[in-house]
Amino acid sequence: MKIGLRANRALALSLALGVVGAAYGQIGQGVYVVNTGHVIATFQGSSAGYDSELYLDQAGVGPIFPNHSTSVGTTFDLGIFNAGDELIFRLRVVNTGDDWKTGGGYRNADGLAHANIVMNWNNTGETWVGFEDLYGGGDQDYDDHTFSFSNTAVPEPASLMVLGLGGLALIRRKR
């Protein structure tokens, strides 16, 4: 019984560490609130030819940061969220009428992920998001509409698996 309890604790610890671990350049990942409280977004720029706007649908927030009329560095308080909430952002491309969401490709009409997520961007502790705005993946530069925000983390599947396996190996060794 003790071995089972230790294994469960090790797995729980590895899951917790995996959710808040640093990750870099993860296309198709979700973004989660770390601590209950405000999430502040900052516009980081756009290289797109098309006009686009950002939305946070589950909170009814948007449009924010129209890409061709927002100054880099403009901030917006997205509201108060609970720890563990996933934030699903939607990019509305005004010229084409297309909508692209953060997370897996299953959320998008073309079946492709359209957002690149970078944790601890520029060592600021913020999460950076860069969208690709064209159907079919476009040029995959993920700089068509970019923003960063605080109080968030991206799950890191690699560290989740390594920590989980390491915890289980440690428990087996103690047996």
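Being a predicted model, the structure only gives us computed values, none of them experimental.
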Determine, step by step, whether Asn67 and Leu91 satisfy the side chain to side chain contact (heavy atoms under 4.5 Å, CB included) criterion, reporting the C-alpha distance in whole Å, the side-chain angles of both residues, the deciding distance to 0.1 Å, and the verdict.
CA-CA 10 Å; Asn67 65 327; Leu91 183 72; over 6 Å; no
Among all residues two or more places apart in sequence or in another chain, which pass the side-chain hydrogen bond (donor to acceptor under 3.5 Å, both in side chains) test with Arg92?
Asp99
Within-4.5 Å side-chain heavy-atom neighbours: Ile117 and Thr127
yes
How would you list, by chain and number, every residue that makes a side-chain hydrogen bond (donor to acceptor under 3.5 Å, both in side chains) with Thr42, sequence neighbours excluded?
none
Would you name the heavy atoms of Trp100 and Leu134 that are closest together and state the gap between them?
CZ2-C, 4.1 Å
Does Gln44 use its side chain to pair, donor to acceptor, with the backbone of Gly130 at less than 3.5 Å?
no
Could you tell me which residues satisfy side-chain hydrogen bond (donor to acceptor under 3.5 Å, both in side chains) with Thr74, sequence neighbours excluded, listed by chain and number?
none
Grab the two heavy atoms, one from Ala115 and one from Thr102, that are nearest each other, plus how far apart they are.
CB-CG2, 3.8 Å
Applying ring-ring contact (aromatic ring centres under 6.0 Å, His included) between Phe149 and each of Phe76, Trp128, Phe89, report the one that passes.
Phe89
Assigning hydrophobic clusters by single linkage (Ile, Leu, Val, Met, Phe, Trp, Tyr; side-chain heavy-atom cutoff under 4.5 Å), is Val31 placed with Val61?
yes
Hey, could you give me the CG/CG distance between Leu78 and Leu54, rounded to the nearest 0.5 Å?
8.0 Å
Quick one: list whatever passes side chain to side chain contact (heavy atoms under 4.5 Å, CB included) with Asp85, sequence neighbours left out.
Val33, Phe81, Asn82
Quick check: closest heavy atoms across Ala113 and Asn108, and the distance to 0.1 Å?
CA-ND2, 4.1 Å
Not counting sequence neighbours, which residues clear side chain to side chain contact (heavy atoms under 4.5 Å, CB included) with Gln140? List them please.
Tyr142
Are Ile40 and Val129 connected, step by step, through hydrophobic side chains (Ile, Leu, Val, Met, Phe, Trp, Tyr) whose heavy atoms are closer than 4.5 Å?
no
Here the pair of heavy atoms bringing Gly45 nearest to Val72 is CA-CG2, 3.8 Å
Pair listing, ring-ring contact (aromatic ring centres under 6.0 Å, His included) test, anchored in residues 40-69, at least two apart:
Phe43-Phe65, Phe43-His145
Test of understanding: with side-chain hydrogen bond (donor to acceptor under 3.5 Å, both in side chains), list the residues that count as partners of Thr146, not counting sequence neighbours.
none
Can you list the residues that meet the side chain to side chain contact (heavy atoms under 4.5 Å, CB included) rule with Leu112, with sequence neighbours excluded?
Asp110, His114
How would you list, by chain and number, every residue that makes a ring pair (Phe, Tyr, Trp, His ring centres under 6.0 Å) with Phe131, sequence neighbours excluded?
none
So the salt bridge (Lys or Arg N to Asp or Glu O under 4.0 Å) pairs with at least one residue in residues 48-76 (sequence neighbours excluded) are Asp57-Arg90
Is there any salt bridge (Lys or Arg N to Asp or Glu O under 4.0 Å) pair reaching into residues 58-72, and which pairs are they, with sequence neighbours excluded?
none
Test side chain to side chain contact (heavy atoms under 4.5 Å, CB included) applied to Asp141 - qualifying residues, sequence neighbours left out
Ser47, Glu132, Asp139, Asp143, Asp144
Side chains of Leu87 and Leu56: closer than 4.5 Å at any heavy-atom pair?
yes
